[in-house]
Amino acid sequence: RHLPYFCRGEVGRGFGRGSKELGIPTANFSEQVVESFPSDISTGIYYGWACVGNGDVHKMVLSIGWNPYYKNVKKSVETHIIHTFKEDFYGEILSIVIIGYIRPEKNFDSLDALISAIQDDIEEANRKLDLPEHLKLKEDNFFHMPE
Ligand code: ADP
Ligand code: MG
């Protein structure tokens, strides 16, 4: 109902849940950005487009979840960009458009099950974002920041 949802904000530090060790780094939005999100947006996994600073627009998968660091009273919004970056981009401005919903949050019995679920999410995002109606949003003026 809130989609497509456009959002821009600073990349903050996560809480060392080791996403990088899984090979799946997630850029966490800072707290202020998360608080500006519609409070009734469903938690779960989404797909869309993302760009760091004035960089290229890439496919992404996004997780909106409850943040264990804040005893699950605050949400976290984490973007995995489907692209290999040369460097980390903490403190930079991340622009995203959230386009579609993939699935609700789940608990997994094993790390392997978690990783394979995320790989499925990435595959689904990849497929969906190639649809013409979704490619259109990649070119949206939102991603061309004014000087
Ligand atoms: P944290 O717990 O601090 O969020 P992560 O292990 O989730 O740490 O890694 C996230 C960081 O990795 C991002 O803030 C960003 O600087 C960097 N990064 C590098 N490549 C990517 C990518 N493809 N998608 C998202 N973040 C990336
Ligand atoms: Mg993270």
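These figures come from a predicted structure and were not determined experimentally. Indexing begins at 1, ligand by ligand and atom by atom, following the structure's order. Below, each value reflects all heavy atoms present in this structure, side chains not excepted, and no hydrogens, waters or symmetry copies.
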Check side chain to side chain donor-acceptor pair (under 3.5 Å) between N126 and all other residues, then give those that pass, not counting sequence neighbours.
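Side chain to side chain donor-acceptor pair (under 3.5 Å) list for N126, sorted by chain: K59.
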
Does the side chain of [Y] come within less than 4.5 Å of [X]'s, by heavy atoms?
X	Y	value
I64	S42	no
K138	F143	no
I122	I82	yes
I96	L62	yes
P25	H80	yes

Under 3.5 Å: N/O of [X] near N/O of ligand 1:
X	answer
I81	yes
E87	no
R13	no

Pull out every atom of ligand 1 sitting under 4.0 Å from any heavy atom of [X], numbered as shown with elements.
X	value
V11	14 (O)
T79	25 (C)
H83	23 (N)

Determine which pairs satisfy salt bridge (charged side-chain N to carboxylate O under 4.0 Å, His left out) with at least one residue from residues 32-48, sequence neighbours left out, and list them in order.
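The answer is R1-D40, E35-K74.
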
Would you mind listing every salt bridge (charged side-chain N to carboxylate O under 4.0 Å, His left out) that reaches into residues 79-88, with sequence neighbours excluded?
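Sorted result for residues 79-88: K20-D88.
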
At distances under 2.8 Å, what protein N, O or S atoms surround the Mg ion (ligand 2)?
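Within the sphere that stays under 2.8 Å of the Mg ion (ligand 2), the protein atoms of type N, O or S are T26 O, T26 OG1, N28 OD1.
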
Determine, considering heavy atoms only, which of A27, G23, G14, S76 sits nearest to atom 1 (P) of ligand 1.
G14

Tell me whether K75 contacts the main-chain N or O of S39 through its side chain, where contact means a donor paired with an acceptor under 3.5 Å.
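Yes: the side chain of K75 pairs with the backbone of S39.
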
